[in-house]
Number of protein chains: 2
Amino acid sequence: MIPSLRQLTFLIALADELHFSNAAKRCNVTQSTLSAGLKELESILGVTLAERSKRSVIMTPIGRKIVEQARKIMTDTQHLVETAALEAEAMAGDMHLGVIPTVGPFLLPRLRPLLRDEHPRLRLYLREELTDQLLEGLRSGRLDVALIALPHDVGDLETLELFEDGYHLVAPLDHELACKSLADGTMLKNEPLMLLERGHCLQQHALSAFPGLLNKDVEFDATSLATLLAMVEEGLGSTLIPNVAIDAGLTKAHDVVEIDLPTSLPRKITLVWRKSSTRKDDFRALGDLIIKARESLRIG
Amino acid sequence: MIPSLRQLTFLIALADELHFSNAAKRCNVTQSTLSAGLKELESILGVTLAERSKRSVIMTPIGRKIVEQARKIMTDTQHLVETAALEAEAMAGDMHLGVIPTVGPFLLPRLRPLLRDEHPRLRLYLREELTDQLLEGLRSGRLDVALIALPHDVGDLETLELFEDGYHLVAPLDHELACKSLADGTMLKNEPLMLLERGHCLQQHALSAFPGLLNKDVEFDATSLATLLAMVEEGLGSTLIPNVAIDAGLTKAHDVVEIDLPTSLPRKITLVWRKSSTRKDDFRALGDLIIKARESLRIG
DNA sequence: CGTTTTAATCGAAAAAAACGATAACTGACA
DNA sequence: TGTCAGTTATCGTTTTTTTCGATTAAAACG
């Protein structure tokens with residue numbers, strides 16, 4: 001048998017007041033209720049917490065000790081309630097956002113200051129993972145919302161498309177296409193094209209956009225876009241870089257050329273969450289901010 | 001409105017089981033009870049803790065966070081119960097003992113090992129204070145029990161006399177009484193007698209035993225028996241030292257003579273506690289041990 | 001397209017809590 | 001010493017809360 005919080009409240013009030021009637025008043029109950037409650041608490045604990053005569057109430061040493069522990073429990077409980085209350089506010093409390101590595105590092109540095117300014121009470125926890133892991137995270141409840149690139153099977157999750165993001169072909173400076181501003185799939189046929197390691201949506205999108213590449217042995221195990229660019233710079237081949245990364249200045253640090261692609265690949269940057277989620281308004285507000293962040297990238 | 005521990009229990013069980021019926025079984029309630037309990041908890045907190053479909057239950061991130069806090073609250077509560085249970089055992093848990101300075105330092109070093117051996121689960125907290133402060137401490141509940149010397153007004157407190165303790169007159173080596181083995185009040189008439197500062201029962205007892213001293217200006221502000229002995233050694237006068245202190249070897253370190261007194265002063269070492277106290281058996285057991293400790297002093 | 005599984009809901013029953021009144025006791029004061 | 005004021009414990013009743021069992025609704029699975 002364990003005591004109830006109510007009983008602990010009674011005990012604390014009594015320890016403060018050293019007077020049953022006053023303590024009862026503080027708890028908004030009658031004296032008899034508090035008296036019975038304390039008696040039951042003592043019976044549960046098996047110790048005398050307060051020795052009372054008709055004229056005075058004194059706490060026993062063990063009573064004091066229990067009171068201190070009870071106070072801690074009560075403040076912890078209060079803290080728990082406050083944690084929840086913060087969460088219940090719009091754009092406040094904790095939010096766990098997952099992002100894909102080909103978008104996160106470029107967009108989120110711009111998102112942070114926007115959030116700090118407009119929603120200072122929101123604590124955004126970030127996790128950078130591959131799309132499938134993010135979706136699993138959503139379904140397991142580990143994440144509240146994720147930023148991914150469609151097309152991709154999202155099951156019964158709810159989606160909010162934010163914007164379309166294309167690619168540029170990025171090639172070595174001395175590349176045969178360097179002077180041209182267009183490229184198409186056929187041109188890439190004989191191109192040593194390098195992509196990210198398996199699992200990245202970027203690779204899947206590229207392969208579906210240029211089916212001809214499927215037969216080629218293009219599976220470099222690059223783990224990041226920066227690695228890819230370094231390899232391009234070395235003249236090992238070309239690669240595809242999403243526009244957000246280019247807008248964010250990723251290619252500026254490398255001696256490479258960016259070549260427009262004729263067909264805009266369908267790559268839709270999208271927020272995803274569970275249908276059963278209760279914070280959809282927050283997610284939509286977050287989506288607006290992400291769009292803002294992306295626009296600030298393109299302008300500045 | 002604050003949640004109940006019961007609701008937190010439900011939440012924790014659900015977080016562990018991720019299944020309402022199983023969680024309910026663990027809590028020994030029906031599924032409907034747990035379902036309603038969790039719903040009310042969510043309503044109190046204003047957040048969704050678990051998103052449930054007909055097929056699965058997942059905890060939300062805020063749900064997990066709340067669960068962690070709830071776990072802490074529950075273990076703290078469990079700890080509180082255990083604290084009380086320990087106290088409820090015989091000779092276990094905390095006991096706050098107050099002692100007078102003319103007895104404590106000599107008797108208690110012998111008591112400690114006895115306690116450790118016979119009642120290892122008892123934690124004895126000691127406070128050394130003057131008799132009146134000890135009695136106040138008892139009445140306020142700061143102390144459970146006190147070791148004092150009677151006669152002294154103890155009001156309606158309950159007492160347990162342990163043993164009688166007398167005095168010796170302690171004088172400088174070259175004292176006129178040094179060769180004699182007896183002394184009485186009249187002999188002390190012209191003696192420069194030094195006692196402890198006002199408040200010590202030792203002083204009161206001496207003054208009542210030798211009324212003739214009352215008119216003399218004997219109020220040195222000695223704060224400890226060791227100080228008194230040092231002054232005796234310097235030849236500044238004589239003093240009275242209780243037998244427990246002599247048995248404990250206090251005088252061995254000083255060049256002084258101990259002189260038997262003809263009348264055994266009525267000084268009864270006594271345990272005192274509140275009539276309303278619930279641990280009287282413990283106090284009596286403690287009393288037995290203190291007697292043992294004293295006997296070990298006289299033998300060894 | 002049933003069958004099974006599972007959470008929510010509903011009304012009744014049971015349990016617990018709270019209340020108001022009163023008793024029992026204490027200390028103070030005349 | 002007797003009375004009064006103040007305080008906690010207790011008791012029976014009322015009110016509130018909790019729990020249960022049965023049912024419903026919805027989803028997954030074969």
Side-chain angles (χ1 to χ4, degrees), chain A residues 1-11 13-44 48-60 63 139-141 155-158 274-278, chain B residues 1-44 48-60 63 139-141 153 155-158 274-278:
Chain A
M1 197 59 181
I2 67 165
S4 71
L5 288 183
R6 171 149 268 255
Q7 289 162 345
L8 296 186
T9 310
F10 287 174
L11 175 65
L14 183 65
D16 288 344
E17 304 283 340
L18 291 180
H19 190 287
F20 275 68
S21 301
N22 295 353
K25 195 171 296 172
R26 221 174 75 167
C27 297
N28 296 313
V29 295
T30 61
Q31 170 262 320
S32 70
T33 297
L34 189 132
S35 195
L38 200 83
K39 193 178 173 187
E40 185 178 359
L41 178 60
E42 288 184 325
S43 138
I44 290 172
T48 303
L49 300 169
E51 287 176 7
R52 40 261 206 215
S53 67
K54 299 294 164 180
R55 198 42 88 167
S56 70
V57 174
I58 63 175
M59 304 304 296
T60 60
R139 273 185 259 272
S140 74
D156 62 352
L157 295 169
E158 235 172 63
R274 292 181 298 280
K275 271 199 296 202
S276 56
S277 182
T278 53
Chain B
M1 198 59 179
I2 68 166
S4 70
L5 288 183
R6 172 148 266 254
Q7 289 162 345
L8 296 186
T9 310
F10 288 174
L11 175 65
I12 291 169
L14 183 66
D16 288 345
E17 304 283 341
L18 291 180
H19 189 288
F20 274 69
S21 301
N22 295 353
K25 194 170 297 171
R26 222 175 74 166
C27 297
N28 297 312
V29 295
T30 60
Q31 169 261 321
S32 71
T33 297
L34 189 132
S35 195
L38 200 84
K39 193 178 175 186
E40 186 178 358
L41 178 60
E42 289 185 323
S43 139
I44 289 172
T48 301
L49 300 170
E51 287 177 7
R52 39 262 207 215
S53 68
K54 298 293 166 183
R55 198 40 89 164
S56 70
V57 174
I58 62 174
M59 304 304 293
T60 61
R139 273 185 258 273
S140 74
D153 176 30
D156 61 351
L157 295 169
E158 236 172 61
R274 292 182 298 280
K275 271 199 296 203
S276 56
S277 182
T278 53

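What's counted below: heavy atoms across the whole structure, side chains too, no hydrogens, waters or symmetry copies. Below, chain A is the first sequence line, B the second, and so on; all start at residue 1.
For B:Arg52, a side-chain nitrogen or oxygen approaches OP1 or OP2 of C:dA8 to under 4.0 Å. Remark: A:Ser32 is not in phosphate contact with C:dC19, judged by side-chain N or O atoms under 4.0 Å from OP1 or OP2. When the side-chain nitrogen and oxygen atoms of B:Lys39 are compared with OP1 and OP2 of C:dT9, one or more of them lie within a distance under 4.0 Å.
Interatomic distance, A:Leu5 CG to B:Arg6 CZ, rounded to the nearest 0.5 Å: 13.0 Å. Note that CG of B:Leu11 and CG of B:Leu38 are 6.0 Å apart. Values are rounded to the nearest 0.5 Å.
Among the nucleotides C:dA8, C:dT6, D:dT8, the one closest to any side-chain atom of B:His19 is C:dT6. For B:Glu40, the listed nucleotide lying nearest its side chain is D:dT18; candidates were C:dC10, D:dT18, D:dT10. When distances are taken from the side chain of A:Thr33 to each of D:dC20, C:dC19, C:dA7, the shortest belongs to C:dC19. Each of D:dA22, C:dA7, C:dG20 was ranked by its minimum atom distance to the side chain of B:Ser21; first place goes to C:dA7. With distances taken from any side-chain atom of A:Thr30 to the nucleotides C:dA17, C:dG20, D:dA9, the minimum falls on C:dG20. Distances were taken from every side-chain heavy atom of A:Phe10 (C-beta onward) to each of C:dA7, C:dA18, D:dT8; the shortest belongs to C:dA18. For A:Phe20, taking side-chain heavy atoms from C-beta onward, the closest of the listed nucleotides D:dT8, C:dA18, D:dT10 is D:dT8.
Looking at every heavy atom in both residues, A:Thr60 comes nearest to B:Arg274 through CG2-NH2, 4.3 Å.
For B:Glu40, the salt bridge (charged side-chain N to carboxylate O under 4.0 Å, His left out) criterion is met by no residue, not counting sequence neighbours. Partners of B:Thr33 under the side-chain contact (heavy atoms from CB on, under 4.5 Å) rule, at least two apart in sequence or in another chain, are B:Phe10, B:Val29, B:Thr30.
A:Asp156 has its CG atom 8 Å from the P atom of D:dA28, to the nearest Å. In this structure, A:Gln31 places its CD atom 11 Å from C1' of C:dA21, rounding to the nearest Å. Spacing between atom CZ of B:Arg6 and atom C1' of C:dA15 amounts to 12 Å, rounded to whole angstrom units. Between B:Leu18 atom CG and C:dT5 atom P there is a gap of 19 Å when expressed in whole angstrom units. Rounded to whole Å, the distance from CD on A:Glu51 to C1' on D:dT7 is 17 Å. Computed from coordinates, the A:Leu41 CG to C:dA16 P distance equals 17 Å when rounded to whole Å. Following rounding to the nearest Å, B:Lys25 (NZ) and D:dT19 (C1') show an atom-to-atom distance of 17 Å. C:dA17 atom P lies 7 Å from atom CD of A:Gln7, rounded to whole Å.
A side-chain contact (heavy atoms from CB on, under 4.5 Å) with B:Gln7 is found for exactly one of B:Ile44, B:Ile2, B:Ile12, namely B:Ile44.
An end-to-end axis angle of 20° holds for the helix from C:dC1-D:dG30 to C:dA30-D:dT1, taken from five base pairs per end and rounded to 10°.
B:Gln31 contributes no side-chain N or O that, together with a main-chain N or O of B:Phe20, makes up a donor-acceptor pair within less than 3.5 Å. Looking at A:Glu42, its side chain does come within 3.5 Å of a backbone N or O of A:Leu49 through a donor-acceptor pair.
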